[in-house]
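First comes the structure, then the notes that go with it.
Order of the sequence lines fixes the chain letters, A, B, ..., with proteins taken first and strands second; residue numbering starts at 1 for each chain.
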Amino acid sequence: MPGGALRLGELAGELGLVVEGDSEFRVHGVAALEDAGPGDLAFVRSEAHASRAAASGAGAFVAPEGLDLDGRPVLRSGDPGRDFFRAARFILPPERPQPGIHPSAVVDPDARVHETAHVGPHCALGRGASLGAGCVLHAGVRLYDGVEIGADCVLHANCVVAARSVLGERVVLGPGVVIGGSGFGYVGGERGGLQKVYDLGGVRVGDDVEIGANTTVDRGTLGDTCIGRGSKIDNLVQIAHNCMIGENVVILAQVGLAGSTRVEDGAVLLAQAGVAGQLTVGAGAVVGPQSGVHKDVPAGAPVMGTPERSGKAFHRESAALSRLPELIRRVRALEREAGEGEDGE
Amino acid sequence: MPGGALRLGELAGELGLVVEGDSEFRVHGVAALEDAGPGDLAFVRSEAHASRAAASGAGAFVAPEGLDLDGRPVLRSGDPGRDFFRAARFILPPERPQPGIHPSAVVDPDARVHETAHVGPHCALGRGASLGAGCVLHAGVRLYDGVEIGADCVLHANCVVAARSVLGERVVLGPGVVIGGSGFGYVGGERGGLQKVYDLGGVRVGDDVEIGANTTVDRGTLGDTCIGRGSKIDNLVQIAHNCMIGENVVILAQVGLAGSTRVEDGAVLLAQAGVAGQLTVGAGAVVGPQSGVHKDVPAGAPVMGTPERSGKAFHRESAALSRLPELIRRVRALEREAGEGEDGE
Amino acid sequence: MPGGALRLGELAGELGLVVEGDSEFRVHGVAALEDAGPGDLAFVRSEAHASRAAASGAGAFVAPEGLDLDGRPVLRSGDPGRDFFRAARFILPPERPQPGIHPSAVVDPDARVHETAHVGPHCALGRGASLGAGCVLHAGVRLYDGVEIGADCVLHANCVVAARSVLGERVVLGPGVVIGGSGFGYVGGERGGLQKVYDLGGVRVGDDVEIGANTTVDRGTLGDTCIGRGSKIDNLVQIAHNCMIGENVVILAQVGLAGSTRVEDGAVLLAQAGVAGQLTVGAGAVVGPQSGVHKDVPAGAPVMGTPERSGKAFHRESAALSRLPELIRRVRALEREAGEGEDGE
């Protein structure tokens with residue numbers, strides 16, 4: 001993957017790493033070991049990959065201390081994978097689209113767009129919407145009336161932000177994300193029907209939050225749904241009305257949170273887990289994949305299963321379950337022996 | 001949240017409630033207890049919240065009989081939450097966009113748009129599509145050829161309605177909803193490949209149905225997929241080809257229904273549940289969260305788990321499972337005592 | 001459902017079937033038995049439906065050998081459902097939109113669009129994007145810079161293809177599909193925060209792949225996420241960065257695959273299943289609905305449950321579990337008898 005040429009010594013300086021070998025080497029791109037050419041930087045995770053590294057055509061490496069690479073220049077690192085991706089940002093800086101509003105976009109006269117923002121084709125910004133400095137809206141993004149987007153946000157194609165929602169700075173929304181859809185709240189209506197609870201709240205998204213493709217975050221019923229600063233949310237996640245997500249929370253794909261769920265700072269919810277409404281997942285708790293949480297989860301606790309229990313208990317019980325059919329036979333044998341074989345198996 | 005001013009007595013009349021105190025009080029907005037100012041109406045759910053209410057800056061309340069609010073005017077209600085949201089609709093009536101077709105929309109010359117309908121920016125209406133009186137299409141809605149939308153529907157941004165599907169009246173589709181995608185049906189094709197079953201049906205959606213963001217409803221293979229009047233469907237739900245959903249059915253987020261599932265009137269499917277194909281969930285049945293339904297569910301039954309069983313059995317078995325590791329040890333002890341300790345644990 | 005008229009004999013020739021009765025019969029449309037009129041072809045799956053067939057108004061049938069249909073003409077078939085849908089393609093050939101670029105579409109001057117391709121309203125094609133012969137882009141499709149789409153693909157409304165992804169030939173993407181969203185990979189950043197791993201890869205989609213509505217496929221971190229030729233993926237599926245999906249794989253709705261999952265040729269993943277990262281699902285394996293795969297699945301194996309086990313074990317253990325509460329009582333009875341009733345139940 002070609003980029004601009006960068007001296008290896010310069011790169012080492014930016015990353016706070018040490019070069020071994022030719023620090024004048026020019027890095028043109030980055031690649032995996034197998035795909036790398038003579039102008040590319042590649043990385044070697046550990047000694048275990050030494051032979052793959054030796055066979056690689058890469059011109060330079062990020063590699064752990066002590067790994068020999070035939071004299072080719074190396075950036076020494078305690079975490080080569082991480083430092084490789086840090087290096088990639090310098091070698092291949094992300095392209096920023098030009099500031100300006102595409103002529104096919106429809107921007108309400110009462111919307112405010114910062115002069116350094118980019119508004120792509122077919123975007124639509126409603127009355128009173130505002131878009132901060134350095135923002136990028138890819139094609140087809142829809143901002144409803146009164147939506148506020150802070151500086152340096154990137155909204156990918158076909159996102160929708162509704163309900164006077166407010167995004168902080170450096171928020172990234174993947175394609176097709178929906179922020180501020182109507183909450184799923186109903187009360188009994190006329191003739192056995194259901195009447196929507198009227199939505200009055202919005203969504204508040206903190207700085208540095210990133211949300212994956214086609215995820216949905218509903219607006220609050222009364223008061224806002226909130227996602228705290230630094231939290232990262234994967235694809236196809238459902239966050240219901242009035243959830244309160246803390247800071248640096250990690251939510252994997254296809255997780256679902258029912259209304260008014262509280263997730264405290266640093267908690268992690270693994271893929272396809274679900275949390276019933278009105279519950280709290282404590283700070284730093286880890287909810288296992290596909291778990292179904294029916295009670296509050298204490299801070300720091302790892303839980304798993306449906307209903308959830310400690311991770312240790314889940315694995316012990318799963319193992320025990322596999323022995324249950326045999327156990328039934330053993331109990332029957334004991335009963336027979338005790339002369340009580342009346343169980344009509 | 002500011003709105004137009006409304007006399008409290010007038011509001012009471014609309015809602016069929018009784019005012020206690022100054023019925024000339026002017027309500028300007030609505031808010032939660034903590035956020036309310038002197039022009040706002042707030043609500044108190046029960047006596048338990050009396051001190052929060054006393055501390056509130058709200059000018060008026062919806063509150064249960066007998067709760068004292070320092071002489072501030074009160075609408076007395078047996079269900080304050082519900083009546084508060086009913087009141088909100090009068091105080092803050094939803095804004096209706098102006099009728100008319102935005103110049104950036106693309107409407108086929110053979111499509112019919114009622115003169116009172118609103119078609120937002122970048123909508124596209126195919127040949128023979130029709131849009132009823134009072135409808136609102138937010139930005140980026142796509143109606144394929146021949147789609148029919150009844151009166152007073154609201155389709156949020158970036159919805160897609162395909163496959164000559166037909167929507168009744170007052171249907172609401174959240175942002176990113178897809179109605180009429182191709183059904184997932186394949187037969188063996190040439191050289192070990194799979195050949196799509198040709199889609200011939202559409203989707204029929206009854207009056208007053210509401211569907212949440214990014215939910216998908218596939219078209220029928222032969223004959224239509226149907227969603228009955230008054231049913232409410234949450235976000236990210238999957239409804240496969242030829243499902244027959246009855247009236248006033250409630251389907252929570254991330255539920256998945258396989259092809260030709262039948263859900264009878266008033267059934268409730270809680271979040272992340274799944275129903276295998278060709279099955280019937282009887283009227284008024286309640287399928288628990290994350291349940292996996294493998295057999296017909298009788299009318300009125302609460303079921304839970306995978307495979308599903310009665311809610312009572314599910315909880316009893318979950319509790320029993322937590323005792324299983326200990327039970328295995330107890331059985332082993334009995335066996336030892338009976339001189340049969342040959343189990344190689 | 002009306003179409004162009006076609007002689008039954010001609011149709012039989014195309015499908016390699018035999019006509020019994022009037023081969024000059026003109027087929028105008030296709031329908032289910034109950035809906036069919038005198039110009040329609042319907043199908044009878046088996047003898048069990050003979051009376052429904054007799055009552056049908058259909059003019060002609062696809063039916064198994066030997067089933068009597070009052071002398072109305074019949075195409076005899078060993079698989080009437082399949083041959084009926086094959087017939088439908090001839091009777092009602094899919095409409096192809098006219099070639100050309102809609103004036104409301106925004107096509108970068110450096111994008112290449114084949115002259116036989118159709119680009120619908122409000123599509124946006126970035127710099128260096130290319131669109132092959134015979135492709136159809138419905139309204140609102142977004143192709144990011146450098147995306148390549150092979151011949152005869154159909155991308156339904158509001159799809160997004162990002163990250164220089166490459167699609168083969170005859171690929172079909174349902175409405176709202178997102179290909180090439182950012183992978184969910186983070187490393188520890190400054191001040192306890194999380195830093196996105198920089199995305200360098202794309203997505204490669206093989207020939208004849210079909211992907212359902214609102215499904216998301218993330219781009220690779222380094223190297224591409226790949227979906228092999230002929231694979232079929234249902235709605236609302238999550239495929240994480242660097243997954244390697246083989247050929248003719250079938251993935252049902254709401255399945256989630258974590259990063260770097262490997263699914264070999266011909267494997268089937270049923271609805272709502274999940275696979276943890278870095279694992280391999282072997283060729284021809286079948287992962288049951290809602291299963292949670294935590295270890296490699298051997299080729300050809302049917303697995304079920306969370307954590308997954310053989311289908312046989314899953315059903316045996318589920319049945320055993322329902323007997324567990326009673327088993328606990330039986331063990332207690334044995335203990336009492338043995339004079340050890342100290343369990344404080």
Aromatic plane relationship, C:H122 with B:H122 - under 30° parallel, 30 to 60° tilted, over 60° perpendicular: perpendicular

Other residues, nucleotides, ligands: >12 heavy atoms within 6.0 Å of C:R89 CZ: yes

Contact summary for [X] and [Y], nearest pair of heavy atoms:
X	Y	value
B:Q238	C:N235	OE1-ND2, 2.9 Å
C:A139	B:R142	CB-CD, 3.6 Å
B:N158	C:N158	O-ND2, 3.1 Å
C:I233	B:F184	C-CE1, 3.5 Å
C:Q254	B:V255	NE2-O, 3.2 Å

Member of C:V331, C:L327, C:L334 meeting the side-chain contact (heavy atoms from CB on, under 4.5 Å) criterion with B:V331: C:V331

Matching residue for B:T216 among C:D234, C:T215, C:L236 - test: side-chain contact (heavy atoms from CB on, under 4.5 Å):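 One option only clears the test, and that one is C:L236.
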
side-chain hydrogen bond (donor to acceptor under 3.5 Å, both in side chains) partners for B:T306, two or more places apart: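 Only C:Q290 meet the side-chain hydrogen bond (donor to acceptor under 3.5 Å, both in side chains) criterion with B:T306.
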
Partner residues of C:S291 under the side-chain hydrogen bond (donor to acceptor under 3.5 Å, both in side chains) criterion, sequence neighbours left out: none

Would you find a donor on one side and an acceptor on the other, under 3.5 Å apart, between the side chain of [X] and the backbone of [Y]?
X	Y	value
B:Y144	C:H138	no
B:Y198	C:L92	yes
C:N214	B:G176	yes

Segment of C:E95 engaging chain B (4.5 angstrom heavy-atom cut-off):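 The side chain, not the backbone.
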
Out of [options], which one racks up the most heavy-atom pairs below 4.5 Å with chain C?
options	value
B:A276, B:A273, B:G305	B:A273
B:G193, B:G256, B:G181	B:G256
B:V106, B:D145, B:V187	B:V106

Option in C:S322, C:S318, C:G174 with maximal non-hydrogen atom pairs under 4.5 Å from chain B: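 Sorted descending by pairs with chain B, the first entry is C:S322.
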
Part of B:S104 lying under 4.5 Å from any heavy atom of chain C: backbone

